[in-house]
A.B. asks: 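Sharing a structure, written as structure tokens. Questions coming.
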Amino acid sequence: MKTIGFLQRITPFLVSALLAVYPCSAQRQPTQTFDLVITNGHIVDGTGSPWYSGDLGIRGGRIAAIGNLADWPRTRTIDAHGKVVAPGFIDMLGQSELTILVDPRLPSKIFQGITTEITGEGQSAAPLNDAIIQSDRTTYDHYHITPDWRTFQQYFARLEKQGMGINLGSYVGATQVRRMVLGDDDKQPTPEQLDQMKELVRQAMSQGAMGVSTSLEYAPAPYAKTEELIALASVASKFGGIYATHMRNESDAVLSAIDEALRIGKEAHIPVEIWHLKVAGKENWGRMPEVIAKLNAARAEGVDVSANTYAYTAWFNTFSAFIPQWAHDGGDAKLVERLKDPAMRVRIRKEMMTPSKDWDNEWQEIPGPESILIGVVQNPKLLPLQGKTLAEIAKIWNKDPLDALFDLLIEDRAYTHVAVFGMSEPDVALALQQPWVSIDNDSEGASPDGILGQEHPHPRAYGTFPRILRKYVREENKLTLEDAIRKFSALPAQRMRLTDRGVLKAGMWADVVVFDPATVRDLATFDNPNQLSQGMEYVLVNGVPVVDEGKMTGAKPGRVLRGPGYAQ
């Protein structure tokens, strides 16, 4: 009885002590004011769990409480009745490292609900030297950008000074460090040169890079042997980084390309992320089950490998990727010279017309020239061609399609970007449904206005995430809403080690979206891509609305997200 009496006496004190250490919004007295409370919403927290009702209190850029906050003081209230409240979406491959300097608000991203982007596909914003800047002058001129940085530290400082509408993190590109040391030539590094490349990776990781990445289809990346990539990935591994890859082949030799990615992961002791998982080419349609089986087997063996997808049947890349890799030796200027040489054109044509597993021959992967849509050009004279197919251009020019391809590259100094229809819908849907597949936009931030509005991008630039909610959740029931949100938030946050983002939970950064799942939709099409998606009522980045009542605020509350190896 004495024990019971003692417990009765101390219980109130124990409860008070526990509440002081573990505050609960439903039990604490309303003493502090929230900056913002989102009320009456269906909370889909990102974990894949079913929705639940509750209020979300935000203070100082973070989620401060979740529960019944009706009596709590606040500066502002957002009534989310009938709406979903979810974590902001994470774009696993965003490509905005330059366009974020053109329009830092990134309207094409925020109207999709994207609050965080990871970028740096093989090439990255840094490190930079004068030779790379000169080689890439066409790109910098196209965007009217002066590259006044050389390191990630300097690039990130520029972003922080100007502000940005979303959070952004970056890999260091293996192609980038190769170009820093070897230029654009088809050659192998000496041991001393490889050490220089490894040191550049080390510096980038200590300055905040998320890992090391490859884009092995695009020269000069294909010139790198697997051993070189293992060496660079091993450095990133020591800093807790990730190896992300656009694989060497996504068509006939896709399984061999996966083997290479898995080997790099095993030997470098580093997690592997496969970008925009696909099986490309009409002869490979229906092979996605093989790819899934191979990756599931690797995961069952303990290999830390995952992937992402943008869930369209057309990819988007440089038009010059259609040209055999040897012809890129020395960079774009050398490529253009070879395209002008009659003998070289004959050789290039022959190789493109010949099926091969030695390189990713995109010409062999498409039904015909009608499957290539011209997207972005830099030569003003070619602007009328944006939005036309290669078949249409060949007819206008009265040329053979391959000659039209070659001549277009010459006229545009090999800058042209194209959409290529080379995948099957069942393969795309199957990849999307895998539990370890997250989502990538694989397009730079765009805007219907200004310099960016003059381009003709892939519609995924504006529509990826809302399209998945519309098509695969609402219309086709291939994903549940909760699982789609998990693929948009918690899954990529987990992969990128973003331990304070991706889930709606007290203490996390307040990257939050509010939308009606019955009406959210993409508007961008291949014919008319520069159309913002609809349905995101509110998009908060670090607690600040960048979309408010469906309108862009112009706020730039985004942060640079640095990797685990960052040495402050």
A.B. asks: Taking Asp91 as the fixed residue, which of Lys487, Arg460, Lys109 is the one that meets the salt bridge (charged side-chain N to carboxylate O under 4.0 Å, His left out) rule?
C.D. replies: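 With Asp91 as partner, Lys487, Arg460, Lys109 yield a single salt bridge (charged side-chain N to carboxylate O under 4.0 Å, His left out), made by Lys109.
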A.B. asks: Could you verify whether a donor N or O on one side chain and an acceptor N or O on the other, from Tyr312 and Thr464, lie under 3.5 Å apart?
C.D. replies: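 Absent: no donor and acceptor within the cut-off.
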A.B. asks: Atom CD of Glu121 and atom CD of Glu97: how far apart are they, to the nearest 0.5 Å?
C.D. replies: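 One gets 9.0 Å once the value is rounded to the nearest 0.5 Å.
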A.B. asks: Do Asp500 and Lys505 sit within salt-bridge range, that is, some charged N less than 4.0 Å from a carboxylate O?
C.D. replies: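 Not counted as a salt bridge, because no side-chain N and carboxylate O are separated by less than 4.0 Å.
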A.B. asks: Donor-acceptor pair, distance only, cut-off 3.5 Å: does the side chain of Asn167 make one with the backbone of Thr115?
C.D. replies: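 Checked: pair present.
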A.B. asks: Closer than 3.5 angstrom, by distance alone: can the side chain of Gln176 be matched with the main-chain N or O of Pro127 as a donor-acceptor pair?
C.D. replies: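 A pair under 3.5 Å: yes.
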A.B. asks: If you compare all heavy atoms of Gly330 against all heavy atoms of Asp185, which two are closest, and at what distance to 0.1 Å?
C.D. replies: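 Nearest pair, atom of Gly330 first, then Asp185: CA-OD1, 3.5 Å.
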A.B. asks: Which distance, rounded to the nearest 0.5 Å, do you find between the CD1 of Ile166 and the CD1 of Ile100?
C.D. replies: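 Those atoms lie 5.5 Å apart.
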A.B. asks: Looking at Arg495 and Asp304, is there a salt bridge between them, counting it only when a charged N and a carboxylate O are closer than 4.0 Å?
C.D. replies: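 Salt bridge present between Asp304 and Arg495.
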A.B. asks: Going through the checks in order, is the salt bridge (charged side-chain N to carboxylate O under 4.0 Å, His left out) test met by Glu411 and Lys381?
C.D. replies: CA-CA 9 Å; Glu411 290 296 319; Lys381 296 179 181 178; over 6 Å; no
A.B. asks: Distance from Gln494 atom CD to Ser306 atom OG, nearest 0.5 Å?
C.D. replies: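 Here the interatomic distance stands at 8.5 Å.
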A.B. asks: Taking the side chain as every heavy atom from C-beta outward, state whether Glu362 and Asn317 have any atom pair closer than 4.5 Å.
C.D. replies: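 Yes; the side chains approach each other to less than 4.5 Å.
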A.B. asks: Indicate the ring-plane relationship of Phe322 and Phe319, choosing parallel, tilted or perpendicular according to the 30° and 60° boundaries.
C.D. replies: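 Rings of Phe322 and Phe319: perpendicular, as their planes differ by over 60°.
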A.B. asks: Do Arg150 and Asp130 have side-chain heavy atoms sitting under 4.5 Å apart?
C.D. replies: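 SC-SC contact between Arg150 and Asp130 confirmed.
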A.B. asks: Which heavy atom of Ile348 sits nearest a heavy atom of Pro324, and at what distance?
C.D. replies: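 Closest approach of Ile348 to Pro324, heavy atoms only: CG2-CD, 3.7 Å.
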A.B. asks: Taking all non-hydrogen atoms of both residues into account, name the closest pair between Ala524 and Tyr462 and its distance.
C.D. replies: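 Result for this residue pair: CB-CB, 3.8 Å.
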A.B. asks: For a side-chain contact (heavy atoms from CB on, under 4.5 Å) check, start with the C-alpha distance between Ile242 and Met496, then their side-chain angles and the critical distance, and finish with the verdict.
C.D. replies: CA-CA 8 Å; Ile242 296 166; Met496 300 309 302; 3.9 Å; yes
A.B. asks: Is any NZ, NE, NH1 or NH2 atom of the basic residue among Glu227 and Arg263 found under 4.0 Å from an Asp or Glu carboxylate oxygen of the other?
C.D. replies: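 So Glu227 pairs with Arg263 through a salt bridge.
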A.B. asks: Given the rule in the salt bridge (charged side-chain N to carboxylate O under 4.0 Å, His left out) test, do Asp407 and Arg345 qualify, once you have shown the distances and angles that lead to the verdict?
C.D. replies: CA-CA 10 Å; Asp407 290 341; Arg345 280 175 78 123; 2.9 Å; yes
A.B. asks: Is any side-chain heavy atom of Trp315 less than 4.5 Å from a side-chain heavy atom of Asp442?
C.D. replies: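 Side chain of Trp315 against side chain of Asp442, heavy atoms only: no contact under 4.5 Å found.
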A.B. asks: Of all the heavy-atom pairs spanning Pro492 and Ser438, show the shortest one and how long it is.
C.D. replies: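 The answer is CD-CB, 4.1 Å.
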A.B. asks: Please work out which of the three classes, parallel, tilted or perpendicular, describes the rings of Phe89 and Phe465, given edges at 30° and 60°.
C.D. replies: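 The rings of Phe465 and Phe89 lie parallel, inter-plane angle below 30°.
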A.B. asks: Out of curiosity, Glu217 CD to Asn249 CG, how far, rounded to the nearest 0.5 Å?
C.D. replies: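 Going from the CD atom of Glu217 to the CG atom of Asn249 covers 8.0 Å.
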A.B. asks: The test is salt bridge (charged side-chain N to carboxylate O under 4.0 Å, His left out); show your working for Asp184 and Arg179 and say whether it passes.
C.D. replies: CA-CA 6 Å; Asp184 292 320; Arg179 296 181 78 199; 2.8 Å; yes
A.B. asks: Output yes when a side-chain donor or acceptor of Gln188 lies under 3.5 Å from a complementary backbone atom of Tyr223, and no otherwise.
C.D. replies: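 Answer holds: yes.
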A.B. asks: Measure from the side-chain N and O atoms of Ser251 to the backbone N and O of Ala280, and report whether any donor-acceptor pair falls under 3.5 Å.
C.D. replies: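 Checking the backbone N and O of Ala280 against the side chain of Ser251, no donor-acceptor pair under 3.5 Å is found.
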A.B. asks: Please evaluate residues Arg76 and Asp548 with respect to the criterion salt bridge (charged side-chain N to carboxylate O under 4.0 Å, His left out), reporting the C-alpha separation (whole Å), side-chain torsions for both, the decisive distance (0.1 Å), and the verdict.
C.D. replies: CA-CA 12 Å; Arg76 182 183 179 190; Asp548 195 326; 2.7 Å; yes
A.B. asks: Do Val377 and Leu383 make a side-chain contact, defined as non-hydrogen atoms from C-beta onward lying under 4.5 Å apart?
C.D. replies: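 Side chain of Val377 against side chain of Leu383, heavy atoms only: contact under 4.5 Å found.
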A.B. asks: Quick one: does any side-chain atom of Ser96 pair with a main-chain N or O of Glu444 as donor and acceptor, under 3.5 Å?
C.D. replies: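 A pair under 3.5 Å: no.
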A.B. asks: Counting only N and O atoms by type, is there a donor-acceptor contact under 3.5 Å from the side chain of Trp149 to the main-chain atoms of Ala125?
C.D. replies: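 Checked: pair present.
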A.B. asks: Exactly one of Thr416, Asn379, Val418 should register a side chain to side chain contact (heavy atoms under 4.5 Å, CB included) with Leu408. Which one does?
C.D. replies: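 One option only clears the test, and that one is Thr416.
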A.B. asks: Can you tell me how far CG of Leu93 sits from OH of Tyr171, rounded to the nearest 0.5 angstrom?
C.D. replies: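 The distance works out to 8.5 Å.
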A.B. asks: So, the side chain of Ser237 versus the backbone of Ala233: is there a donor-acceptor pair under 3.5 Å, distance only?
C.D. replies: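 No, because the side chain of Ser237 does not come within donor-acceptor range (under 3.5 Å) of the backbone of Ala233.
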A.B. asks: Between Glu455 and His142, do the side chains contain a donor N or O and an acceptor N or O under 3.5 Å apart?
C.D. replies: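 Yes, because at least one side-chain N or O of His142 sits under 3.5 Å from a partner of the opposite role on Glu455.
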A.B. asks: Do you know which two heavy atoms are closest between Gln207 and Gln153, and how far apart they sit?
C.D. replies: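 The answer is OE1-N, 2.9 Å.
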A.B. asks: Is there a donor-acceptor pair under 3.5 Å between the side chain of His456 and the backbone N or O of Leu373?
C.D. replies: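 Side chain of His456 to backbone of Leu373, a donor-acceptor pair under 3.5 Å: no, none is there.
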A.B. asks: Quick one: sort the Phe156 and Phe152 rings into parallel, tilted or perpendicular, breaks at 30° and 60°.
C.D. replies: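 Aromatic pair Phe156/Phe152 classed tilted.
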A.B. asks: Working note: Gln203 + Glu199, criterion side chain to side chain donor-acceptor pair (under 3.5 Å); need CA distance, chi angles, decisive distance, verdict.
C.D. replies: CA-CA 6 Å; Gln203 292 174 10; Glu199 174 60 19; 3.1 Å; yes
A.B. asks: Measure across Val520 and Met536 and return the closest heavy-atom pair with its distance rounded to 0.1 Å.
C.D. replies: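 Closest pair (atom of Val520, atom of Met536, distance): CG2-CE, 4.0 Å.
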A.B. asks: With a 4.5 Å heavy-atom cut-off, do Tyr143 and Leu452 have their side chains touching?
C.D. replies: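 Tyr143 vs Leu452: side chains touch.
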A.B. asks: Does any non-hydrogen side-chain atom of Thr309 lie less than 4.5 Å from one of Lys278?
C.D. replies: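 No, side chains not in contact.
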A.B. asks: Side-chain atoms of residues 556-568: list all donor-acceptor pairs with protein atoms under 3.5 Å, sequence neighbours left out, distances to 0.1 Å.
C.D. replies:
{"residue": "Lys556", "atom": "NZ", "partner": "Gln162", "partner atom": "O", "Å": "3.3"}
{"residue": "Arg562", "atom": "NH1", "partner": "Glu160", "partner atom": "OE2", "Å": "3.2"}
{"residue": "Arg562", "atom": "NH2", "partner": "Glu160", "partner atom": "OE2", "Å": "3.2"}

A.B. asks: So do the side chains of Glu117 and Asn441 get within less than 4.5 Å of each other, counting heavy atoms only?
C.D. replies: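 Side chain of Glu117 against side chain of Asn441, heavy atoms only: no contact under 4.5 Å found.
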A.B. asks: Is it true that Asp195 and Arg202 make a salt bridge, defined as a side-chain N closer than 4.0 Å to a carboxylate O?
C.D. replies: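 No, this pair does not count.
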A.B. asks: Atom OH of Tyr218 and atom CG of Asp360: how far apart are they, to the nearest 0.5 Å?
C.D. replies: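 Rounded to the nearest 0.5 Å, the OH-CG separation comes to 8.5 Å.
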A.B. asks: Do side-chain atoms of His269 reach the backbone of Lys238 as a donor and acceptor pair under 3.5 angstrom?
C.D. replies: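 Checked: no pair found.
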A.B. asks: I want to check something: taking the side chain as every heavy atom from C-beta on, are Gln112 and Ile468 in contact at a cut-off of under 4.5 Å?
C.D. replies: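 No, their side chains stay 4.5 Å or more apart.
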A.B. asks: Yes or no on side chain to side chain donor-acceptor pair (under 3.5 Å) for Glu250 and His276, after CA distance, side-chain angles and deciding distance?
C.D. replies: CA-CA 10 Å; Glu250 297 176 319; His276 43 64; 3.0 Å; yes
A.B. asks: Strictly distance-based, threshold 3.5 Å: is any side-chain N or O of Asp136 a donor or acceptor partner for the main-chain N or O of Thr139?
C.D. replies: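 No, because the side chain of Asp136 does not come within donor-acceptor range (under 3.5 Å) of the backbone of Thr139.
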